[in-house]
Amino acid sequence: MISLTDSQKIGMGLTGFGVFFLFFGMILFFDKALLAIGNILFVVGLAFVIGLERTFKFFFQKHKMKATSFFLGGVFVVLIGWPILGVILEFYGFFLLFRGFFPVVAGFIRRIPVLGYLLNLPFISGYVDKMSESNSMV
């Protein structure tokens with residue numbers, strides 16, 4: 001079992017609530033208040049989980065500046081009141097930031113009974129394999 005500090009436990013809760021508010025905000029036709037709360041909770045929760053210094057190092061690496069600008073720009077656009085455009089920018093930035101983790105996530109999901117079956121279907125497995133090959137963890 002993984003041992004978590006109290007601040008990491010708080011960060012997991014904040015991140016979870018952030019994802020919930022983001023999802024709920026999209027379900028309710030891009031409610032800008034819920035999306036703004038979700039964005040703030042997600043970013044703050046991430047900082048609590050991995051630490052403030054590591055968060056800055058992750059987001060502000062030289063080769064990730066484009067992804068960071070799209071992600072944080074999308075957060076800003078949501079906060080000023082344009083939720084649909086902001087969410088589109090955030091998703092694109094999120095994909096660019098975390099695409100190195102997608103092969104790991106796909107491998108993990110393939111071990112889950114029902115979801116693994118779905119990912120191994122012919123038309124889906126080719127697409128997932130293609131995404132996994134083209135990305136690196138760096």
Side-chain angles (χ1 to χ4, degrees):
M1 179 137 189
I2 298 174
S3 163
L4 297 174
T5 65
D6 287 340
S7 65
Q8 288 176 326
K9 290 176 187 175
I10 291 169
M12 292 294 288
L14 290 173
T15 304
F17 277 120
V19 170
F20 170 75
F21 277 108
L22 285 170
F23 179 71
F24 200 56
M26 285 187 281
I27 295 269
L28 293 175
F29 302 111
F30 293 94
D31 182 56
K32 56 186 165 187
L34 290 174
L35 291 172
I37 291 169
N39 283 328
I40 292 168
L41 289 175
F42 179 79
V43 173
V44 170
L46 186 66
F48 267 88
V49 170
I50 64 174
L52 205 53
E53 182 180 347
R54 289 178 66 192
T55 302
F56 279 113
K57 283 183 181 178
F58 176 77
F59 278 107
F60 296 109
Q61 294 174 10
K62 195 171 195 173
H63 66 281
K64 290 185 178 180
M65 288 306 290
K66 176 182 172 185
T68 300
S69 63
F70 272 103
F71 182 75
L72 295 179
V75 170
F76 178 73
V77 169
V78 167
L79 290 175
I80 63 171
W82 295 336
I84 295 174
L85 178 64
V87 168
I88 291 170
L89 292 173
E90 282 181 46
F91 279 149
Y92 182 66
F94 184 84
F95 175 75
L96 291 178
L97 275 172
F98 296 102
R99 67 180 169 191
F101 297 110
F102 290 151
V104 175
V105 172
F108 176 75
I109 291 175
R110 282 188 172 165
R111 294 184 189 144
I112 299 173
V114 175
L115 296 176
Y117 173 75
L118 292 175
L119 282 184
N120 287 326
L121 291 174
F123 56 91
I124 296 175
S125 67
Y127 180 72
V128 173
D129 291 340
K130 184 178 173 184
M131 280 187 58
S132 297
E133 291 172 0
S134 65
N135 297 321
S136 65
M137 288 294 290
V138 179

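Side chains are part of it too, since the values below use all heavy atoms of this structure and drop only hydrogens, waters and symmetry mates.
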To the closest 0.5 Å, what do you measure between NZ (Lys32) and CD1 (Ile80)? 10.0 Å
Report the residues that fulfil side chain to side chain contact (heavy atoms under 4.5 Å, CB included) with Val77, sequence neighbours left out, ordered by chain and then residue number. Trp82, Leu85, Leu89
Enumerate, atom names and distances included, each donor-acceptor pair closer than 3.5 Å involving a side-chain atom of residues 43-60, sequence neighbours excluded.
residue	atom	partner	partner atom	Å
Glu53	OE2	Lys57	NZ	3.3
Thr55	OG1	Gly51	O	2.6

Thr15 side-chain N/O to Met12 backbone N/O, donor-acceptor pair under 3.5 Å: no
Taking only residues two or more places apart in sequence, or in another chain, which ones meet Ser7 in a side chain to side chain donor-acceptor pair (under 3.5 Å)? Thr5
List the atom of Phe71, the atom of Phe94, and the distance in Å for their closest heavy-atom pair. CD1-N, 4.0 Å
Assigning hydrophobic clusters by single linkage (Ile, Leu, Val, Met, Phe, Trp, Tyr; side-chain heavy-atom cutoff under 4.5 Å), is Phe98 placed with Leu41? yes
Distance-minimising heavy-atom pair for Lys9 and Leu4: CE-O, 3.5 Å
Are Val105 and Tyr117 connected, step by step, through hydrophobic side chains (Ile, Leu, Val, Met, Phe, Trp, Tyr) whose heavy atoms are closer than 4.5 Å? yes
Step through the shown structure and confirm whether more than 12 heavy atoms of other residues, nucleotides or ligands are within 6.0 Å of CZ on Phe30. yes
Sequence neighbours excluded - side-chain hydrogen bond (donor to acceptor under 3.5 Å, both in side chains) pairs with any residue from residues 38-51: Asn39-Glu90
Count I, L, V, M, F, W, Y as connected when their side-chain heavy atoms are under 4.5 Å apart, and connections chain through other members. Are Val19 and Ile27 then in the same cluster? no
Ring pair (Phe, Tyr, Trp, His ring centres under 6.0 Å) involving Phe23 - partner list, sequence neighbours excluded: none
With Phe108, which residues qualify under ring pair (Phe, Tyr, Trp, His ring centres under 6.0 Å), at least two apart? none
Applying side chain to side chain contact (heavy atoms under 4.5 Å, CB included) to Phe91 and not counting sequence neighbours gives Met26, Val87
Rounding to 0.5 Å, atoms NE2 (His63) and CG (Leu96) come to a distance of 11.0 Å
Which residues satisfy the ring pair (Phe, Tyr, Trp, His ring centres under 6.0 Å) test with Phe42, sequence neighbours excluded? none
Rounded at 0.5 Å granularity, tell me how far CD1 in Ile37 sits from CZ in Phe21. 5.5 Å
With sequence neighbours excluded, residues passing ring pair (Phe, Tyr, Trp, His ring centres under 6.0 Å) with Phe20: Phe24
With rounding to the nearest 0.5 angstrom, report the CZ to CD1 distance, Phe102 to Ile109. 10.0 Å
Does Leu79 have any side chain to side chain contact (heavy atoms under 4.5 Å, CB included) partners at least two apart in sequence or in another chain, and if so, which? Ala36, Ile40, Val75
With sequence neighbours excluded, give me every salt bridge (Lys or Arg N to Asp or Glu O under 4.0 Å) pair touching residues 72-85. none
If a pair satisfies salt bridge (Lys or Arg N to Asp or Glu O under 4.0 Å) and one of its residues is in residues 104-119, list it, with sequence neighbours excluded. Arg110-Asp129
Which pair of non-hydrogen atoms, one from Val128 and one from Ala106, has the smallest distance, and what is that distance? CG1-CB, 3.8 Å
